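Each remark here refers to the structure printed beneath this line.
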Amino acid sequence: MPQVNDDAEKQSASEQNSFEASTQQVIPDQIEESNLTTLDQQGEEKEADTSSPTAYANTSLPLPSTPLPTTVTLAEAMQTHTVEEPQETSESASSSGEHIKEDISASPETPQPTAEEVTTTEVMPESPSASKEDTSNATEKAATTSGEPVAAAATTPLSPLKPQVWAARLHLSIFQTLTRHQKLSLGLRLLLVFSILAPLAGGIVYGLSGLSTYNALRAHANQGIQHLQNVKSLLSGSTSQNPAQKTPNLLNPQRIQQAQEEINAARMDFTSAQHILDDSSLVHLVETNFSSYQQQIVAARQALRIGVEATYIGNDALTLVSKLAPKLHTPLLGNTKDPLFTSTDITQIQQTLNQLQPRIDRITTEAQQLQISALPLSDKQRAQAQQYLQMLPQLKQGFSLLESLAGVANWLLGVNTPRTFLLQTMDRGELRATGGFNGQYAEVTVTGGRVSPITLKDIGLLEYAPDTPTSGQPAPEAYRSWWPFDNWGIRDANLSADFPTSAKIVTNLYHTEVKRDIDGVIMFSPFMIQRVLAVTGPLTISEYNETVTSQNLEERLHYYQLDNAGIRRSELIEHVEDPAQARKLFTSRVEKALMQRIQNAPVNDLLQLATMFLHSLQTKDLEVYLGNPQAQALLSRYGYAAEIDRATTHDGLYIVQENVSASKASQFTRSIFKDTVSLDAQGGATHVLQLRLAYNQINSVYGLDTLRDYVRIYVPPTAKLLSGDGFYTSDPLCGGGFGTCPRDGIYSHQELICPPGQYEAGASAPMLNDPYYHQWHPLNKIGEPSSSQSDEPGRAMFAGYLVVPKNCTLTATVSWYVPPMGTAPYQLLIQRQSGTFPEWDLSLLPPTGNCASLSSAGTYFNGTLTQDQSFQLKSPQQALAHDSNCYPGPGV
């Protein structure tokens, strides 16, 4: 009994102390002081009262092997089990209870306890990690102290503490065991770990942000490119490729609208990507601090600016097409009275071109600075981008030309007054200065942009008729010394390699012979027709059961024009008995079929043809002269006038061949030119030129076998002839009436090489002042060019005949000196004659052993010349500066 009363008094005192502790505010210093007191001064009490909250918190906490039951709430467990708390540790317990109180109250799953429950909770520590033995000991002590049977307490399972409570008590237990030194050491260690992990965490954050920015940029760029590819797919294709398609894609209103939507979507993507590059702080950070990425960022900005400008150009162009589309649905070259263009249309086109030109200029400027290698593109994308960028100079030139032509478009398209142009074909088999013999002609009338049907006529029917104005007419004075035939007329009027000069001669002759005025002259070679057929496809001439392609065009025309069997077949098919009339009828049918194909071609094909025509103007396979001075000046300005270069600021060379043998032998003759140019210390140039004509007659030449080529070499006006060999003189050597020529050669340096026994000149066409008229001609001696009197103003000329028998090769040599022209580096312009594909071997050599004096290391070219081309000395190479031979090119 006394024991019971004592326990009751202790319990009453403990409850009182617990209540006071629960109402007392605890601060961290009090917790620290209580901990020190418990550890240093209360050792014995601590050992005796291991069931107190403070002692329990300082014991090790093993992980529970079996989770405690959770069917009893924490409040019920606290009301059922109370533990007597010694007064000495009330402050510590109160502090611990305060933390637990906050953790419990913060849990949404635990109801707010009453004041009595809070008090009980503060003095009832329980760990979920306590073992079964610890739990039963604590229960037995609690039951003994409260005077309740132990068995009753043991039958009621304890509810596990919430995770917040357990973590708080674990934190408290660790913190209480540390000394001040240990706490300071722990803090320093935590600070060190933080200093290491913080930059790493920041790097991870920036890395993730950079990846997100890069992905956004790439997505916008790829989407924009895809939209532009969609535009190409929408507008590409033609009705010739799909006969069921009635309207070309470029004129289909729905396609145009869809294409504009795609273009606008592409602009939005490119603009969004621009905003990311310009506004992203991360991009600015990378650009400022990482030089290796600056180039990529700059290239991305330039590429996006190009993309945005391209979308504006596409949208403006499609807007113009959509307005003109209703008129363009009909064949552009059809025979109709409705004008294709009016003055209003021309004005609208001009305004659009004015808007597009600055954008083209900006794109060109950006493209010149853009480094494609810095962009994240695949090899295929990079190659395609490079191809498009290489087209920009031509595109810019084309836009500039169109913009300039818009000023003369009314005159050129016959908007106010119809225009008439003379169209002439050139047969390069019988080579002439502008590209070939003019055997056929036609008048072309342009009214409001509509082109009249074209019908080719045989020039012979005009100039070989009785009482023709050309009867007995000599060539102009400038060409009379070497042109060997009389009855000179339109068919032979293209004697000057300067096309405007020849075109003016033709214009005057046409007025004389036909009594009609023309507004311009257009000539074209078979090479241009071959390019047209490559676009339009082969032509079927059903009456002749023939299919004409770009490969057999020239051969088929020659067969029906010149071969007796072909001419006879034309007579039978066309039901005519006159060979002179029949020989050009097949050509007329080919021309009509071709024009019909062009007249009904979709706009997509016509755009390809327009591009092809511009290229043919550069190669001189299409030559145009316009009677309007402003229009002709534009052709000259853009290099489309087929003029002789008369500049005096650089060296120049133009070799012009003229077949005067009355045959089609030129098509079987290779022209091989080798020029070695050696410079002196002052910049003067010494030329040593080899001209080799390799004549291999494969098929019929429809005329005399021996090739007589009058060759003119145009050079700067200050050039001085040094030497020459291989040109025909008036002195006979052998053959004809002068004895049989040697079997294996007649010239000492083997200038002429023929098959054994074939060194014979044979017959010749009837030439003026021919001493061997109606006789076999001899082979004459050879020497320097026979003429140094130029037939072109502003140019010096070395000229003479080269005579080459059938299946022979002739080599002639000419050397001349050109004084210094302009400033270094030395530059040479070589011009290409229309109708020819000369094979060039060119060496530009600085003074031997003195490469550095002209800041050059030499230039070498070996290939076929397809258009005018400029060459200049390259930059010096230090390795060659002291070499005895500056350039390792082949000698003459």
Side-chain angles (χ1 to χ4, degrees), residues 481-482 497 644-657 671-693 709-731 747-752 780-792 794-802 810-822 824 826-831 838 840-850 853-854 856 858-861 871-873 885-887 889-892:
S481 62
W482 60 268
I644 285 183
D645 176 66
R646 294 182 172 88
T648 57
T649 56
H650 56 257
D651 199 355
L653 178 57
Y654 195 178
I655 301 175
V656 179
Q657 300 174 245
S671 299
I672 306 170
F673 305 141
K674 182 175 182 179
D675 188 18
T676 301
V677 185
S678 301
L679 302 182
D680 57 29
Q682 292 74 36
T686 299
H687 292 255
V688 179
L689 173 67
Q690 290 180 333
L691 304 97
R692 181 169 297 158
L693 301 183
D709 223 10
Y710 190 76
V711 177
R712 289 171 283 175
I713 304 171
Y714 292 101
V715 293
T718 56
K720 305 296 182 183
L721 180 66
L722 299 179
S723 63
D725 190 25
F727 291 87
Y728 227 51
T729 67
S730 58
D731 298 329
Y747 301 126
S748 59
H749 295 94
Q750 298 297 309
E751 288 88 349
L752 180 65
N780 290 0
K781 296 179 180 179
I782 56 176
E784 293 185 352
S786 59
S787 176
S788 296
Q789 181 67 39
S790 179
D791 53 27
E792 293 291 344
R795 291 285 95 177
M797 183 188 80
F798 314 127
Y801 282 110
L802 298 180
L810 175 71
T811 300
T813 305
V814 183
S815 179
W816 68 95
Y817 177 75
V818 179
M821 303 180 67
Y826 170 83
Q827 185 176 2
L828 172 65
L829 174 65
I830 299 180
Q831 293 190 272
W840 270 93
D841 186 329
L842 173 68
S843 297
L844 304 181
L845 308 179
T848 302
N850 192 20
S853 65
L854 290 177
S856 174
T859 297
Y860 181 67
F861 171 80
F871 303 90
Q872 67 180 23
L873 289 175
N885 186 5
C886 298
Y887 188 76
V892 178

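Throughout, numbering of the chain's residues begins at 1 and tracks the sequence. Keep in mind the model is a prediction, meaning the values are calculated, not measured.
- Heavy atoms of other residues, nucleotides or ligands lying less than 6.0 angstrom from CZ of Arg795 number more than 12.
- Here the side chains of Asp709 and Leu810 are not in contact, with every heavy-atom distance at 4.5 Å or above.
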Next item on the list: Output, in order, the C-alpha distance, side-chain angles, deciding distance and verdict of side-chain contact (heavy atoms from CB on, under 4.5 Å) for Leu653 and Gln831.
Entry: CA-CA 6 Å; Leu653 178 57; Gln831 293 190 272; over 6 Å; no
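- When side chains are defined from C-beta on, Ser815 does not count as touching Leu689, because their heavy atoms never get closer than 4.5 Å.
- Under the 30°/60° scheme for interplanar angles, the aromatic rings of Tyr710 and Trp482 are found to lie parallel.
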Check: Are Val656 and Val711 close enough, and set up right, to give a side-chain contact (heavy atoms from CB on, under 4.5 Å), and what steps lead you there?
Finding: CA-CA 6 Å; Val656 179; Val711 177; over 6 Å; no
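- Residues Ile672 and Thr811 form no side-chain contact, since every pair of their non-hydrogen atoms from C-beta on lies 4.5 Å or further apart.
- Exactly one residue among Leu845, Leu844, Val688, Thr859 makes a side chain to side chain contact (heavy atoms under 4.5 Å, CB included) with Val677. That residue is Leu844.
- Partner of His687 under the side chain to side chain contact (heavy atoms under 4.5 Å, CB included) criterion, out of Thr676, Asp675, Val715: Asp675 alone.
- Salt bridge annotation for Arg646-Glu792: present, with a cationic side-chain nitrogen under 4.0 angstrom from a carboxylate oxygen.
- Residue Phe727 is tested with Ser787, Ser786, Pro785 for a side chain to side chain contact (heavy atoms under 4.5 Å, CB included); the sole match is Pro785.
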Notebook entry, point to check: Between Leu721 and Val814, is a side-chain contact (heavy atoms from CB on, under 4.5 Å) present by the stated rule, with each step listed?
Noted result: CA-CA 8 Å; Leu721 180 66; Val814 183; 3.7 Å; yes
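- The shortest distance between side-chain heavy atoms of Tyr654 and Asp645 does not fall below 4.5 Å.
- Side-chain atoms of Asp841 and Tyr860, non-hydrogen and from C-beta on, do get closer than 4.5 Å to each other.
- For Thr729 (side chain) and Lys781 (main-chain N/O), a donor-acceptor pair under 3.5 Å exists by modelled atom type.
- Taking the six-membered ring where tryptophan is involved, the planes of Trp840 and Phe673 are perpendicular, since the angle between them exceeds 60° and thus also 30°.
- A donor and an acceptor atom, one from each side chain of Tyr714 and Asp791, are located under 3.5 Å apart.
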